[in-house]
Amino acid sequence: MTKNEIADVLSEIATLLELKGENPFKVRAYQAGSRALEAIEESELARLIAGEELKSMKGIGDALAQKITELHTTGGLVFFEKLKASVEPGLVDLLQIPGLGPKKIRALHDRLGIADLAALTRACQDGRVAELDGFGAKTQEKLLAGIKNREAYGRRHRWWDAAEIAGPIVAGLRQLPQVRRAEAAGSLRRGMETVGDLDFIVAATDVAPVVGWFVGMAGVKEVTAQGETKASVRFESGLQADLRIVPEEQFVFALHHFTGSKDHNVQLRQRALARGLSLSEWGLVPAEGEGTVKAKAGAGGPRTDVRTEAELFAALGLRFIPPELREGLGEIETAEQGELPRLIEAGDLRGAFHNHTTASDGRNTLAEMTAAAAALGWEYLGIADHSKSSFQANGLSEERLLQQVADIRALNASRRFATQVLAGTECDILVDGRLDFDDALLAQLDYVVVSVHSSFSQDEAAMTARLVRALEHPRTTMLGHLTGRLLLRREGYRVDVGRVIDAAIANGVVIELNANPWRLDLDWRHWRKAAERGLVCAINPDAHETEGLQHVRAGVNAARKGWLTRENVMTTWPLARVEQWLHRRAGR
Ligand code: DGT
Ligand code: CA
Ligand code: CA
Ligand code: ZN
């Protein structure tokens, strides 16, 4: 296990102990141990373990040192497994309701006998929660809203999580001897920010072994449907997956159909009809009035000269439409005119601006983050740790920021990494729109990301004015996570996005497409129009650890859905152009 994975286990242990009402000192010991691990480097941990020096580290005693060593060497921990098994699962579920921590859950359990979501819902509806010390009517209301959100969101999953499950399934299908072609379709293939269920399309010479493999996959909790050529399963997380097996000559039609979206399919089918053709999941055949669509591969059969989606679109007089654009938002008309943009690709990225280190709430050091960026082949890595008002995220004081800038300049001068580090800040936008640092300090940085991390409940006018004021600040380079939303968890704050975009364009400020799979903020639905009006995008992973840099992949999905090209996205620009742009901006 890596040190960050071990830190996660320790903090989960703390949470479980707290849920069980264990001694607070014990709980705090695990929390402190988790934080102590986060602050050191991977190589340091390996060295301490090898030299059996772990217990001499501040915040880590004998018992913890043993557990960390077990996790590091075996990848598991017997104590942790036993502890998990000893806590009621209903209590753990409650942690997902915003506003409920282990302490509050413990109180609900001890005083009202609440052990699961259903019981909590009833207690809130009956007003019993409001009467508890430390809760009150407002808290009860917030809990009910959280429960409602959970129900509404509960059936969808973030793209990243869905993709992590889907990847190995496609690879596994392709390895079966009966399988000729296999793809994931549906919203996952379209790169939607959330996914309802997975859809797999397979061309196979023999179906039974493929269905058998699919329903027998590791991690399947329930087989919800099983037929001759299809099957559906449900995983532990609640995510469902559909499998459809077709003869090879139908594969491309099935793939297109089940990629969707529904709106795109409806429009494309209309276009086919206007050309005397009938398009369906089974094929493209001459339309002969009603009933043709249901003719399946019968008389006529699907057009056998169509083997790729490009050929399918060509048969309808269109250029290839990338899956991400298939939302029925004008892509067919644009493809007809041959004017689809050449969309940005993951390989176009050359760096990113919004990333954290252990100086604030990140979990890898400056050197580790830089090494990871270098491994990705990035030309530049922007470090933007939190500013002083974000004390909950260990925001940097003026002194600490200046020290970090010096460290960054020294690291660059050492030429230890091929990646150039840019010194920035994620500067809080204060409640009235002022920035958290003064101009003289900001002037010493290469760039400034400004973000809202407090007072989310302002009304729309106040929040909009607050953001606009921050964008008008001459030192502001880009705006971070514009709405503050957390997908499937928290709505963004109320803000007039259109007016904020206007202000960004008017002031030459970049808006971030935060690529963290929880955020994908600003939403792809705004980008096409905004970019046409001159708004520049930066795809930023908002990485808090080295693996977080990979999240740019999710940002590229969203950018593609927003019709963005390489030119629209600053993080594809070479370092020289980025530096030139930053210099010119700083000089106004
Ligand atoms: P999801 O799963 O809710 O995230 O969204 P999708 O787009 O993956 O939807 P899903 O799984 O229900 O169906 C996959 C695709 O199959 C969908 O994007 C388009 C196609 N499809 C499903 N039902 C219909 C339908 O009633 N009409 C048409 N034209 N296409 C459909
Ligand atoms: Ca789906
Ligand atoms: Ca489906
Ligand atoms: Zn932030």
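Numbering of ligands and ligand atoms starts at 1, following listing order. Bear in mind the structure is a predicted one, so any value in this text is a computation, not a measurement.
Without hydrogens or angle criteria, Ser187 side chain to Met192 main chain gives no donor-acceptor distance under 3.5 Å. In this structure a side-chain-to-backbone donor-acceptor pair under 3.5 Å is missing from Trp282 to Phe253. Not a single donor-acceptor pair under 3.5 Å links the side chain of Arg234 to the backbone N or O of Lys221. Asp521 places a side-chain N or O within donor-acceptor distance of the main-chain N or O of Thr483, the cut-off being under 3.5 Å. For the pair Asn540 (side chain) and Glu512 (backbone), a donor-acceptor distance under 3.5 Å is absent. The main-chain N or O of Gln96 is never found under 3.5 Å from a side-chain atom of Arg489 such that the two would form a donor-acceptor pair.
Ligand 1 places these atoms under 4.0 Å from at least one heavy atom of Thr259: 18 (O). Of all the atoms in ligand 1, the ones that sit under 4.0 Å from a non-hydrogen atom of Val195 are 4 (O). Short contacts between ligand 1 and Ser261, defined as distances under 4.0 Å to a heavy atom of the residue, involve ligand atoms 18 (O). Within ligand 1, counting atoms from 1 as listed, the ones closer than 4.0 Å to a heavy atom of Gly196 are 1 (P), 2 (O), 3 (O), 4 (O).
Protein-derived N/O/S atoms nearer than 3.0 Å to the Ca ion (ligand 3) total 4, waters excluded.
Protein heavy atom at the shortest distance from atom 30 (N) of ligand 1 is Asn265 ND2, 3.5 Å. In terms of protein heavy-atom proximity, atom 15 (C) of ligand 1 is nearest to Phe258 O, 3.2 Å. Scanning the protein heavy atoms around atom 13 (O) of ligand 1, the nearest turns out to be Asp199 OD1, 4.3 Å. Of all protein heavy atoms, the one closest to atom 26 (O) of ligand 1 is Lys262 CE, 3.5 Å. Given atom 21 (N) of ligand 1, the protein heavy atom at minimum distance is His257 NE2, 3.9 Å. The protein heavy-atom contact nearest to atom 17 (C) of ligand 1 is Gly260 CA, 4.0 Å. Taking atom 7 (O) of ligand 1 as the reference point, the nearest protein heavy-atom neighbour is Arg190 NH1, 2.9 Å.
Side-chain contact annotation: Gln392 with His386, donor-acceptor N/O pair under 3.5 Å absent.
Nearest heavy atoms, Val552 versus Ile539: O-CG2, 4.1 Å. What you find for Ala352 and Pro541 is that their closest heavy atoms are CB-CD, 3.3 Å.
The closest approach between any non-hydrogen atom of Asp242 and ligand 1 is not below 4.0 Å.
Distance remark: protein heavy atom present below 4.0 angstrom from atom 11 (O) of ligand 1. The nearest protein heavy atom to atom 23 (N) of ligand 1 is not closer than 4.0 Å.
Glu193 and Arg519 are not joined by a salt bridge, as no carboxylate oxygen comes within less than 4.0 angstrom of a charged side-chain nitrogen. With respect to the salt-bridge test (charged N to carboxylate O, under 4.0 angstrom), the residues Glu309 and Arg326 qualify. Between Lys138 and Glu141, none of the side-chain N atoms (NZ, or NE/NH1/NH2) sits under 4.0 Å from a carboxylate O, so this pair counts as no salt bridge. Taking 4.0 Å as the cut-off between side-chain N and carboxylate O, Arg363 and Glu547 do not count as a salt-bridged pair.
At a heavy-atom cutoff of 4.0 Å, ligand 1 is contacted by the side chain of Arg156 but not by its backbone. Residue Ser187 touches ligand 1 through backbone and side chain together, judged by heavy-atom distances below 4.0 Å.
For the pair Asp197 and ligand 1, the shortest N or O to N or O distance falls below 3.5 Å. For ligand 1, the polar-atom distance check finds no N/O of Gly186 at less than 3.5 Å from any of the ligand's N/O atoms.
With sequence neighbours left out, the ring-ring contact (aromatic ring centres under 6.0 Å, His included) criterion links His257 to no other residue.
Both tests pass for Arg244 against the ring of Phe258: distance under 6.0 Å to the centre and angle within 45° of the axis.
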